[in-house]
Amino acid sequence: MTKKILITNDDGINAPGIKALVEGLKGLGDLTVVAPDREQSASGHSLTLQRPLRISKRAAGWYVVDGTPTDCVFIGVNHLLRQEKPDLVISGINRGGNLGDDITYSGTVAAAFEATLLGIPAIAVSLEYKRDFHFATAARVVREVAVKVLDRGMPADTLLNVNVPDLSWDELAGFRVTRQGKRSYSDVVCENRDPRGRRYYWIGGEVLPGDYLAGTDAADVHAGFVSITPIHLDLTNYKALEPLQQWEWSI
Ligand code: MN
């Protein structure tokens, strides 16, 4: 039976990454795009509850929502594709990596989280932030990952966070299954004045070159490998359970 694939992103429906993703997945199944009408990067796992949402049909199989990536998956699965739920949700191709701690801010990864909550296998795919943006490489990578997931399924409550180096296909060092790493940023708040003389603030911060921990997403992407990190939603720190249970609780 033809597989149904729901596609979304956080860079917005007009971003080059989502076009490359659709191109790369052609022939793999019925593709439905449900994407935000504008850039929603760093929107995290935000769900719009305080105002109505509008859906407009852009073309056959292409829908735009004036909300977040999480809204798009929620509406895609529970409304637009409610008769036949998707077999797979793919979010991306994000313009810039989602490595280490970044994934907690990422709208791209959050869309995949939402699919996982709805019981649908999901892949988030991001392309390292450099100059060239080899979206075609990332599209070919995600096709390969998608074929495997459709064929083998995924462990429960798990999504795949895929990060692709900004290289041509032939330059890739290979594929690595990795763990979530750490990234450090210079924490910058830029202060300036608007044309009316009022102060405004802009959150910035560059990625600091650091020592990458071996076996992590950031280290392997830096070394030219495609990084595939299995992620789940259980945020419990199991190592902290016992020490906290030892505290003297009153009752
Ligand atoms: Mn983005």
Side-chain angles (χ1 to χ4, degrees), residues 5-25 31-48 53 58 62-76 88-116 122-142 145-146 159-167 180-181 183-188 202-207 217-218 221-222 226-229 231:
I5 304 175
L6 175 64
I7 291 165
T8 193
N9 74 347
D10 80 354
D11 293 336
I13 193 134
N14 296 315
I18 200 162
K19 293 191 178 76
L21 178 56
V22 168
E23 200 59 38
L25 294 174
L31 310 180
T32 305
V33 175
V34 185
D37 63 350
R38 68 198 72 184
E39 166 106 33
Q40 290 282 348
S41 293
S43 60
H45 200 175
S46 164
L47 191 62
T48 302
L53 290 166
R58 176 72 65 92
W62 284 72
Y63 298 89
V64 193
V65 176
D66 62 344
T68 66
T70 298
D71 294 333
C72 290
V73 172
F74 197 93
I75 281 177
L88 179 63
V89 172
I90 306 181
S91 178
I93 301 165
N94 190 58
R95 188 173 182 275
N98 277 303
L99 300 159
D101 310 306
D102 288 354
I103 64 174
T104 62
Y105 300 107
S106 170
T108 306
V109 176
F113 270 138
E114 190 59 24
T116 308
I123 301 166
V125 58
S126 307
L127 178 62
E128 188 187 25
Y129 196 94
K130 281 222 177 136
R131 212 186 35 202
D132 299 330
F133 287 109
H134 288 83
F135 283 113
T137 306
R140 198 164 158 185
V141 164
V142 74
V145 177
L159 69 92
L160 298 182
N161 183 34
V162 178
N163 279 277
V164 182
D166 189 22
L167 299 169
Q180 185 187 342
R183 285 228 289 185
S184 32
Y185 286 89
S186 60
D187 298 316
V188 176
W202 204 309
I203 293 172
E206 297 276 303
V207 179
D217 49 10
V221 168
H222 188 69
V226 172
S227 160
I228 301 173
T229 311
I231 292 175

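Whatever order the structure lists ligands and atoms in, that order sets their numbers, starting from 1.
Considering E39, R38, R58 in turn, R58 is the only one that fulfils the side-chain hydrogen bond (donor to acceptor under 3.5 Å, both in side chains) rule with N14. Considering D102, D10, N9 in turn, D10 is the only one that fulfils the side-chain hydrogen bond (donor to acceptor under 3.5 Å, both in side chains) rule with T108.
The environment of OH in Y105 is sparse: at most 12 heavy-atom neighbours from other residues, nucleotides or ligands sit within 6.0 Å. More than 12 heavy atoms of other residues, nucleotides or ligands lie within 6.0 Å of NE2 in H45, so this atom counts as buried by the packing criterion.
At least one N, O or S atom of N94 sits under 2.8 Å from the Mn ion (ligand 1). Taking 2.8 Å as the criterion, S41 counts as a coordinating residue of the Mn ion (ligand 1), since one of its N, O or S atoms falls below it. The Mn ion (ligand 1) lies under 2.8 Å from an N, O or S atom belonging to D11.
In D10, the N, O or S atom that comes nearest to the Mn ion (ligand 1) is OD1.
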